[in-house]
There are 2 protein chains.
Amino acid sequence: MPGLPAPQQNHLLAALSVEAQNRLFPHLELVSLPLGKVLYESGDSLRHVYFPTNAIVSLLYVMESGASAEISVVGKDGLIGIALFMGGESTPSRGVVQSAGYAYRLLGQRLKDEFNRHGELLQLMLRYTQALITQMAQTAVCNRHHSIDQQLCRWLLLSIDRLPDNQLTMTQELIANMLGVRREGVTEAAGKLQKLGVIEYNRGHITVLDRPRLEQLSCECYAVVKKETDRLLPYVFPRLNR
Amino acid sequence: MPGLPAPQQNHLLAALSVEAQNRLFPHLELVSLPLGKVLYESGDSLRHVYFPTNAIVSLLYVMESGASAEISVVGKDGLIGIALFMGGESTPSRGVVQSAGYAYRLLGQRLKDEFNRHGELLQLMLRYTQALITQMAQTAVCNRHHSIDQQLCRWLLLSIDRLPDNQLTMTQELIANMLGVRREGVTEAAGKLQKLGVIEYNRGHITVLDRPRLEQLSCECYAVVKKETDRLLPYVFPRLNR
DNA sequence: GTATGTATGTTCGGCATCGTACAGAGCGAG
DNA sequence: CTCGCTCTGTACGATGCCGAACATACATAC
């Protein structure tokens, strides 16, 4: 086990200048994010923004029927709580921890102070937001046009990109919630991938064995978002993937 | 026919203070947006932002296969080209005129100048962007969970909200492109609505006869986005709908 | 070891949407 | 008026996903 995570494990925090880091880091608070924890509910007024290190958080939209769909994934590559600096304070989405780990959080007011005093953070946040928008939009398209098989591949890639190794702890039931499909649909798709030797799974633990193959089997949506993110934040993610 | 449209017909421009209007308006250029005109292609470097008055522009994501889906709709309520101020300069989407009309455009550099000198415009743009994000996210969910019938209702509401009357010029083929479904699917859904007396259509012209009924038949997605937009930009859209 | 809960596997009919094909109907150009 | 084009209507089987029900297997607590 490594010791406590460093703020720089978050790519956005790491991308700040030394001066900005010196101003902000004293105000960061390390928090543990257990699986399933809800960081905010639809409409909640946010108090903090969260910069994950090794945790993953899903932004979920929940329908009146209770059905839900994940519109984006945030890990060490980003932050949760853009509504705070976008000015809206809240959003209609829910933030749920998809993979347990740690994050650093910062009071919204501190963030805004830094914003107004120095443009650097603002520029970074805006660029990140644009990357996030791309992910959301591509998700919308993906939901419309691609099969569960393809979407599962895309989802697995998004997840392991944000984790330290090729393994993730996640039941098929939870994945189904994220993708907005039936659990049985995920079972079938995952079964196919296991038969192909692309992944291996067992009661809530999934290991990706053949990443290149996974990328081939995925729809284009993964690559589109990745390319755009690399373009928008090149120095932030020199190599998001291993 | 009314004369040339005024900049204030765009809700964002109208929401600016008199001082900001005085600084910006001299730089606005009125342009005509014919149906089908492509304002920008995926990856294009944007030179201007566009503030529609009576035109409607769709943000489309186009797949490798050529299939597409509309991610959001922008009319007098917004602007096209957020990538310019978000810092990315371009996006993977395509901007297509869905309903002909006029817009005022502004050189990206002018917008940025105003940004850096006065925070007012920045705040407004960010709030608008958040509203746009909401629309995108809800679109993703809607694509996953709702029927063509429901989505057509949602789409009609989004459109007439941005038009001066209850009529729109739009073939079923084009609507199908927007929704990312078959043209025949739209024909069926539209046929049902016409039988119910909710709409009336004829070779590319659709008239909404019973708006309340349309809202009932729509999925919740329309209301969710509308409520959130009202919250984020209350003074900008005192009453978006008639 | 047994009991209980959780995770996964399988099956079945049902339905929305798709892909394809073609037919009629309105409209404009010549 | 007629030709040609666009827009709309209808039908067909195919298919991917759904809802529901149930079986199996592993995991942990007691």
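Each chain gets a letter, A, B and so on, in the order the sequences are listed, and its residues count up from 1.
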Output the rounded distance in Å from [atom1] ([X]) to [atom2] ([N]).
{"X": "B:His145", "N": "D:dC17", "atom1": "NE2", "atom2": "P", "answer": "14 Å"}
{"X": "A:Gln194", "N": "C:dA7", "atom1": "CD", "atom2": "P", "answer": "17 Å"}
{"X": "A:His205", "N": "C:dT6", "atom1": "NE2", "atom2": "P", "answer": "16 Å"}
{"X": "A:Asn143", "N": "C:dT17", "atom1": "CG", "atom2": "P", "answer": "15 Å"}
{"X": "A:Glu173", "N": "C:dT8", "atom1": "CD", "atom2": "P", "answer": "9 Å"}
{"X": "A:Asp149", "N": "D:dT15", "atom1": "CG", "atom2": "P", "answer": "15 Å"}
{"X": "B:His146", "N": "C:dT17", "atom1": "NE2", "atom2": "C1'", "answer": "16 Å"}
{"X": "A:Ile148", "N": "D:dT15", "atom1": "CD1", "atom2": "P", "answer": "17 Å"}

- Please assess B:Tyr40 against B:Ser93 for the test side-chain hydrogen bond (donor to acceptor under 3.5 Å, both in side chains), listing each intermediate value before the final yes or no. CA-CA 8 Å; B:Tyr40 64 90; B:Ser93 66; 3.0 Å; yes
- Task: Among A:Leu59, A:Asn143, A:Leu132, find the residue that satisfies the side-chain contact (heavy atoms from CB on, under 4.5 Å) test when tested with A:Ile71.
- Result: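 Only one of A:Leu59, A:Asn143, A:Leu132 forms a side-chain contact (heavy atoms from CB on, under 4.5 Å) with A:Ile71, namely A:Leu59.
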- If you look at every heavy atom in A:Gln130 and A:Glu228, which pair is closest and at what distance?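 Taking A:Gln130 first and A:Glu228 second, the nearest heavy atoms are NE2-OE2, 4.3 Å.
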- Task: Determine the minimum heavy-atom distance between A:Leu217 and A:Gln150, stating which atoms define it.
- Result: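 It is O-CG, 3.8 Å.
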Only distances under 3.5 Å count here; give the side-chain donor-acceptor pairs of residues 189-199 of chain A to other protein atoms, sequence neighbours excluded, each with its distance to 0.1 Å.
from, atom 1, to, atom 2, distance (Å)
A:Lys192, NZ, A:Asp149, OD2, 2.7
A:Gln194, OE1, A:Tyr201, N, 3.0

- Item | Closest nucleotide among C:dT8, D:dT8, C:dG9 to the B:Thr187 side chain |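 The listed nucleotide nearest to B:Thr187's side chain is D:dT8.
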- Item | Side chain of B:Thr171 - closest among D:dG9, C:dC18, D:dT8 |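 For B:Thr171, the side-chain atoms sit closest to D:dT8.
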- Other residues, nucleotides, ligands: >12 heavy atoms within 6.0 Å of A:Glu188 CD: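 Atom CD in A:Glu188 is not packed in, count stays at 12 or less.
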- Would you say C:dG9 has OP1 or OP2 under 4.0 Å from some side-chain N or O of A:Gln172?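 Yes, because at least one side-chain N or O of A:Gln172 sits under 4.0 Å from OP1 or OP2 of C:dG9.
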- Output yes when at least one side-chain N/O atom of A:Tyr201 is less than 4.0 Å from OP1 or OP2 of C:dG9, else no.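 Yes, such a contact exists.
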- Can you give one letter per nucleotide of nucleotides 19-30 of chain C, going 5' to 3': B for a protein heavy atom under 4.0 Å from the base, S for sugar-phosphate only, - for none? BBB---BBS---
- Which part of the nucleic acid, if any, lies within reach of B:Gly204 when heavy atoms closer than 4.0 Å are counted: base, sugar-phosphate only, or nothing?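 It contacts sugar-phosphate atoms only.
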- Side chain to side chain, B:Val186 and B:Val181, heavy atoms closer than 4.5 Å: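 Answer yes - side chains close enough.
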